Amino acid sequence: MVGQSRKWMILVATTWVQAFTGTNFDFSSYSSTLKTVLGISQVQLNYLSVASDMGKAFGWCSGISLMHFPLWAVMFMAAFMGLFGYGIQWLVLIGIITLPYFLVFLLCLVAGCSICWFNTVCFMLCIRNFQENRALALSLTISFNGVSAALYNLIANAINPSNDTLYLFLNALVPLFTSSLALIPVLRQPPVQSLPNDTICRDSFIFLALNILAVITGLYLLLLNSLSSTASTARILLAGAIGLLVLPLCLPGMVCARDWARRTIYASFRFASSSFNLVSPDELELHKELIGRVQGNGGGPNGVIGKGKFFGKVMEKDRLTMLGEEHSARLLMCRCDFWLYYVAYFCGGTIGLVYSNNLGQIAESLGYYSELNSIITLYSSCSFFGRLLSAAPDFLRVKLYFARTGWFAVALVPTPVAFFLLVGSGSEAALRAGTALIGLSSGFVFAAAVSITSELFGPNSAGVNHNILITNIPIGSLLYGLLAALIYDSHASSTVKERLVGEAMVCMGTQCYLPTFICWGCISLVGLGTSFLLFLRTKPAYDRFERNRTLTEFS
């Protein structure tokens, strides 16, 4: 029972770490000030956001570090990288020190690495302590990374609403403080042990309660954050937000009262033991055994899946035949399904992240810079809800089974819709609606990708394979951001509406981003089409897994 309480304490600590370490989401809050202080162009500013995203390209370093150092040590390495990277940038922004552009670029790179290292620590904590409900733990904790911008906006407004430089100061110190709070639960991890079915049932019910509480937290931040324009109001709202984050600490008490819960609540809610877990380790082993029997009877991969006439060889070549098979990095790079997955992520979730990095200049060019904080909060909150929705395949599995790659494809639909909405109108309503849609879509993709990677290419290899997948983020940040910056600077230098702020040139008008939105919309359509093709190729493997699981459950 004590071990169960410790497990839930780790989950709460992980949500805290995720909630306060999504520091890249508030880049737009201070990007215009940074551009002015450094006197740089939009292209140079884009390179700074790329440097922050390049931390994803070095995610493998955190995985290697975990092989040689304990989790708590890697967590504090990440915290001190953020303290160094953001802290010195803050000193530059307030004028205490002066640094050349190249050194500021390196500081952004170090700060971006800290985010990736925090994420790796959180992923490993969830995977180690919630093996039976891994997908639910990951989707819940990753979702809180999406509220970071809203929380930092509240903290900054509670201190001084008119000071944009506060965001860098908070980015440097808050993750270190949060890591210190999470240290005790991380040090007191329970031993890994297999759980009986009734315990898995109770865990699933607690996850349901946690998701409901998370929705309340997201609605609180989304609906009330706009009222935080004054310091006194922001302090009250911040206290309420902290209270909602602390509320899950009652979980250990819920675990201790599990006998009472069994007699009262669970008598009414009879969840199947595997209802909320799409791919558990035991099911994977059973699935592999069943596949081996089928293949041993002469039913090879093509015999099981069937030769489709519509796509012919394109659909059948190098197709995944079962879920959970471990893939080394070399085997992964040879998989056609991986490259479809890579392109879908590259043209879907990544483009949403680049959009958020450009929100400051987008709002400024359209004349809504005074509403920037509320627009960033809207993106952050909708990203949170999108991440939370990534748990839908697990909660709806009993009544509505659908392959997770299919949910992934559905989640990409709002992105092109949002970009073409922005093309059609430059109004504030269109900007808010487009931002909300992109936040929902990219949030779902970010959270669902971890589970999809583990299901398609093996749970034990997920740490390495997922870091390979997200190398598309810095590449996309560079290419998509450079495209937007070049268009922005070309219009800033040619339009009569241009103006100079210090040495930085600012473009005003809808033409500053209109061609960018058209290009991004077309690119996101490519991602949608690729994700649909991935769904068609992997659907038989998901269906076979579900069929085998159902047969085993009722046999």
Side-chain angles (χ1 to χ4, degrees), residues 6-25 59 62 66 71-72 74-75 78-79 114-151 174-175 178-179 181-183 185-186 189-190 203-204 206-218 221 241 244-249 251-252 276-278 349 380-381 383-395 442-454 459 462-463 466 470:
R6 291 180 183 177
K7 179 179 71 173
W8 292 109
M9 287 290 291
I10 289 172
L11 185 72
V12 175
T14 305
T15 61
W16 290 350
V17 172
Q18 286 282 286
F20 290 104
T21 57
T23 48
N24 57 326
F25 287 109
S62 58
L66 285 172
L71 271 167
W72 67 267
V74 177
M75 180 175 65
S114 72
I115 301 169
C116 186
W117 283 48
F118 274 124
N119 289 341
T120 302
V121 169
C122 292
F123 296 161
M124 293 308 300
L125 284 171
C126 290
I127 292 172
R128 289 182 184 179
N129 292 280
F130 294 92
Q131 295 185 3
E132 288 78 9
N133 284 298
R134 180 179 62 250
L136 284 176
L138 286 170
S139 63
L140 178 66
T141 55
I142 293 172
S143 67
F144 277 88
N145 197 245
V147 299
S148 293
L151 289 172
V174 173
T178 307
S179 298
L181 291 179
L183 179 60
V186 171
Q189 289 186 70
D203 285 0
S204 300
I206 294 175
F207 272 113
L208 180 61
L210 280 175
N211 275 271
I212 294 174
L213 181 59
V215 170
I216 295 173
T217 304
L221 291 171
L244 288 171
L245 291 175
V246 172
L247 191 58
L249 284 175
L251 277 174
F276 295 155
N277 182 29
L278 190 57
S380 175
S381 300
S383 176
F384 166 78
F385 286 118
R387 293 163 189 258
L388 209 57
L389 282 172
S390 67
D394 303 284
F395 283 113
S442 59
F444 190 104
V445 170
F446 294 149
V450 182
S451 297
I452 292 175
T453 302
S454 65
H466 190 69
I470 61 176

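Note that the structure is predicted; figures quoted are calculated from it, not measured.
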**Prompt:** Should V12 and P185 count as side-chain neighbours, where that means a heavy-atom distance under 4.5 Å?
**Reply:** no
**Asked** Are Q18 and N119 side-chain neighbours, meaning at least one heavy-atom pair lies under 4.5 Å?
**Response** yes
**Message:** Could you tell me if the side chain of L125 sits less than 4.5 Å from the side chain of V121, heavy atoms only?
**Reply:** yes
**Asked** What is the minimum heavy-atom distance between L245 and F144, and which atoms define it?
**Response** CD2-CE2, 3.7 Å
**Request:** In sequence, state the C-alpha distance, the side-chain angles, and the governing distance for T21 and W117, and then conclude on side-chain contact (heavy atoms from CB on, under 4.5 Å).
**Result:** CA-CA 10 Å; T21 57; W117 283 48; over 6 Å; no
**Item:** pair L247-L213: side-chain heavy atoms closer than 4.5 Å
**Value:** yes
**Request:** Show your working on side-chain contact (heavy atoms from CB on, under 4.5 Å) between T141 and C122 and close with a plain yes or no.
**Result:** CA-CA 8 Å; T141 55; C122 292; 5.5 Å; no
**Asked** Taking side chain as C-beta onward, heavy atoms only, is V450 less than 4.5 Å from I142?
**Response** yes
**Message:** Measuring only between side-chain heavy atoms, which start at C-beta, is F384 closer than 4.5 Å to S143?
**Reply:** yes
**Prompt:** Under the side-chain contact (heavy atoms from CB on, under 4.5 Å) criterion, do V174 and L151 qualify, and how do the steps go?
**Reply:** CA-CA 11 Å; V174 173; L151 289 172; over 6 Å; no
**Item:** Chi angles and distances behind the side-chain contact (heavy atoms from CB on, under 4.5 Å) call for I10, V186
**Value:** CA-CA 6 Å; I10 289 172; V186 171; 5.7 Å; no
**Heavy-atom side-chain proximity of T15 to L210 below 4.5 angstrom** = no
**Prompt:** Does some side-chain heavy atom of F118 sit less than 4.5 Å from a side-chain heavy atom of N145?
**Reply:** no
